[in-house]
Amino acid sequence: MYSYPKKLLVCVALALPLAAGAQATATPLSEAGRALFASAPVPQLVARQFAFTEGPAVDRQGNIFFTDQPNDKIWKYGTDGRLSVFLSPAGRANGLYFDKKGRLIACADGPGQLWAIGPAGQVQVLVTDAAGRRLNGPNDVWVSPANGVYFTDPYYKRDYWDAARPAPIEQYVYYLAPGGTQPVVVEKTLQKPNGLIGSPDGKLLYVADIEGNKTYRYRLGSKGELLDKQLFVAQGSDGMTLDERGNVYLTGQGVTIYSPAGERLAHLDVPAAWTANICFGGRDMRTLFITASEAVFTVPMLVRGIR
């Protein structure tokens with residue numbers, strides 16, 4: 001999650017045309033890049049009614065949940081194409097991800113905690129601190145197949161924090177073991193860790209250092225540790241996702257897609273000041289869902305995403 005604009009937008013615009021002067025256009029693609037998209041690779045506007053969108057996550061049915069952090073809401077974009085508010089207030093939630101129990105794991109930036117949110121919106125606090133110190137503000141989260149939770153904790157000062165909020169602590173990547181209550185540091189060498197995503201087999205984790213403008217790949221150890229750090233690409237990212245082929249989708253100025261080998265396959269221009277996050281959803285998991293500033297967009301794909 002990047003530092004979002006302070007202005008809160010209150011207009012409601014479901015499925016309206018793109019704003020004048022902000023038309024999305026298709027960027028020339030390689031042959032491998034073209035094979036990813038079901039039609040022209042142009043983001044289609046779903047709604048432009050938010051202040052700053054973030055954290056999309058998909059449930060078992062293909063419904064997508066995402067946050068409007070300044071307005072303190074978690075929204076649901078159903079497989080029927082309808083938008084509805086799932087939870088408000090929502091702890092100023094940022095990154096989201098579903099665990100095997102069907103709970104929505106949320107980076108609750110407001111109180112500086114990690115939450116598990118049940119289907120009816122009931123909240124269980126999973127993490128309140130790190131070794132007795134209040135976290136900066138959990139940012140992005142991924143749940144492994146073994147139900148271990150990885151999350152990043154960069155520092156982005158917020159207007160809504162109370163005056164007593166302490167100065168920033170170190171900006172680390174943490175791991176919370178299944179059933180655990182105290183996260184452990186698994187990466188402390190990045191300048192500002194932000195987006196992260198793991199492979200569906202639980203063997204790999206990608207972590208973006210947004211300030212260092214790099215994305216790294218790690219092998220996951222049996223106890224949740226990060227091993228064999230390798231530079232994946234010299235590009236940072238806010239949120240990120242993977243598709244069924246192992247391609248990596250990075251965000252920031254639009255969306256850039258890389259093969260598992262780090263070859264750039266495609267770039268999507270997104271008509272927004274900042275593209276914050278991304279995931280796949282829909283009943284067939286072939287809808288690419290993009291959160292970008294005050295709007296959300298979709299792109300139909302030939303490849304499926306991962307759950």
Side-chain angles (χ1 to χ4, degrees), residues 1-4 50-59 63-77 86-87 89-99 103-117 123-127 130 135-144 147-156 158 160 171-176 183 186-187 190 192-198 205-211 215 236-242 248-252 255 274-281 289-293 296 305-307:
M1 155 65 191
Y2 207 61
S3 181
Y4 51 75
F50 314 101
F52 192 88
T53 56
E54 252 287 6
V58 62
D59 68 9
N63 304 299
I64 297 168
F65 294 72
F66 65 97
T67 67
D68 184 358
Q69 191 178 27
N71 286 328
D72 203 12
K73 298 179 188 296
I74 296 176
W75 286 78
K76 176 184 176 181
Y77 178 60
F86 169 68
L87 186 65
R92 303 282 184 173
N94 194 338
L96 307 171
Y97 206 89
F98 278 93
D99 70 5
R103 302 179 304 174
L104 187 59
I105 308 303
C107 293
D109 179 81
Q113 299 172 344
L114 198 68
W115 290 1
I117 306 172
V123 172
Q124 176 189 358
V125 178
L126 300 179
V127 173
L135 296 165
N136 293 312
N139 186 283
D140 203 4
V141 61
W142 176 71
V143 183
S144 75
N147 237 31
V149 180
Y150 294 85
F151 66 95
T152 56
D153 187 44
Y155 181 80
Y156 291 104
R158 306 299 189 200
Y160 52 76
Q171 303 181 79
Y172 291 157
V173 181
Y174 291 90
Y175 172 71
L176 181 68
V186 289
E187 171 58 277
L190 306 182
K192 189 181 285 292
N194 198 304
L196 79 171
I197 191 68
L205 184 72
Y206 294 85
V207 183
D209 183 349
I210 197 165
E211 196 164 282
T215 297
S237 184
D238 202 332
M240 60 176 75
T241 196
L242 299 172
V248 183
Y249 295 62
L250 304 184
T251 61
V255 177
W274 184 256
T275 302
N277 216 322
I278 192 169
C279 79
F280 281 82
F289 185 86
I290 302 169
T291 60
S293 298
V296 290
I306 60 171
R307 295 189 191 274

- Message: Show the nearest heavy-atom pair for residues Gly137 and Asp109, with the distance to one decimal.
- Response: CA-OD1, 3.4 Å
- Where the side chain of Thr251 meets the backbone of Ser237, is there a donor-acceptor pair that is under 3.5 Å apart? no
- For Asn277, does its backbone N or O pair with a side-chain atom of Thr291 as donor and acceptor, under 3.5 Å? yes
- Message: Please evaluate residues Tyr97 and Val149 with respect to the criterion side chain to side chain contact (heavy atoms under 4.5 Å, CB included), reporting the C-alpha separation (whole Å), side-chain torsions for both, the decisive distance (0.1 Å), and the verdict.
- Response: CA-CA 10 Å; Tyr97 206 89; Val149 180; over 6 Å; no
- Task: Apply side chain to side chain contact (heavy atoms under 4.5 Å, CB included) to the pair Ile74 and Leu104, showing each step before the final yes or no.
- Result: CA-CA 11 Å; Ile74 296 176; Leu104 187 59; 4.3 Å; yes
- Message: Main chain of Lys73, side chain of Asp68: is a donor-acceptor contact present, judged purely on distance under 3.5 Å?
- Response: no
- Message: Quick check: do Cys107 and Leu114 have side-chain heavy atoms less than 4.5 Å from each other?
- Response: yes
- Query: Rounded to the nearest 0.5 Å, how far apart are CH2 of Trp75 and CZ of Phe50?
  - Reply: 5.0 Å
- Message: A side-chain contact here means heavy atoms from C-beta on lying under 4.5 Å apart; do Arg92 and Asp72 qualify?
- Response: yes
- Query: Between Asp238 and Trp274, is any pair of side-chain heavy atoms under 4.5 Å apart?
  - Reply: yes
- Item | CD1 on Ile105 to CG on Asp99, rounded to 0.5 Å | 4.0 Å
- Item | From OG1 (Thr53) to CG (Asn71), nearest 0.5 Å | 11.0 Å
- What's the shortest heavy-atom distance between Leu135 and Ala130, and which atoms? CD2-CB, 3.6 Å
- Query: Looking at side-chain heavy atoms only, is the closest gap between Glu211 and Gln171 below 4.5 Å?
  - Reply: no
- By ring pair (Phe, Tyr, Trp, His ring centres under 6.0 Å) - contacts of Phe280 (at least two apart): Tyr249
- Evaluate the criterion side chain to side chain contact (heavy atoms under 4.5 Å, CB included) for residue pair Asn139 and Tyr156; output intermediate values, then yes/no. CA-CA 9 Å; Asn139 186 283; Tyr156 291 104; 3.7 Å; yes
- Note on the structure: Shortest non-hydrogen pair, Gly55 vs Thr67, comes out as N-OG1, 4.1 Å
- Query: Does a side-chain heavy-atom distance below 4.5 Å link Val58 with Phe289?
  - Reply: no
- Hey, could you give me the CZ/SG distance between Phe98 and Cys279, rounded to the nearest 0.5 Å? 10.0 Å
- Item | Check: Asp153 and Tyr172 side chains under 4.5 Å, non-hydrogen atoms | no
- Item | side chain to side chain contact (heavy atoms under 4.5 Å, CB included) assessment of Thr215 paired with Val248 | CA-CA 10 Å; Thr215 297; Val248 183; 5.5 Å; no
- Heavy-atom nearest pair, Val173 first then Pro193, reads CG2-CB, 3.7 Å
- Can you see which heavy atom on Glu54 is nearest to which on Ala276, and at what distance? OE2-CB, 3.6 Å
- Query: Under the ring pair (Phe, Tyr, Trp, His ring centres under 6.0 Å) test, which residues partner Tyr174, sequence neighbours left out?
  - Reply: Phe151
- Working to the nearest 0.5 Å, report the span between CG of Leu196 and CG of Asp140. 5.0 Å
- Is Trp142 close to Met240 at the side-chain level, that is, under 4.5 Å between some pair of heavy atoms? no
- Task: Say whether Tyr150 and Glu187, considering side chains only, have a donor N or O and an acceptor N or O under 3.5 Å apart.
- Result: no
- Look up atom CD1 in Ile278 and atom CG in Leu242, then write down how far apart they are to the nearest 0.5 Å. 10.5 Å
- Task: For Ala292, enumerate each residue passing the side-chain contact (heavy atoms from CB on, under 4.5 Å) test, keeping only those at least two apart in sequence or located in another chain.
- Result: Val270, Ala272, Thr275, Ile290, Phe297
- Note on the structure: All heavy atoms of Gly236 vs all of Leu250, minimum pair found to be O-CD1, 4.3 Å
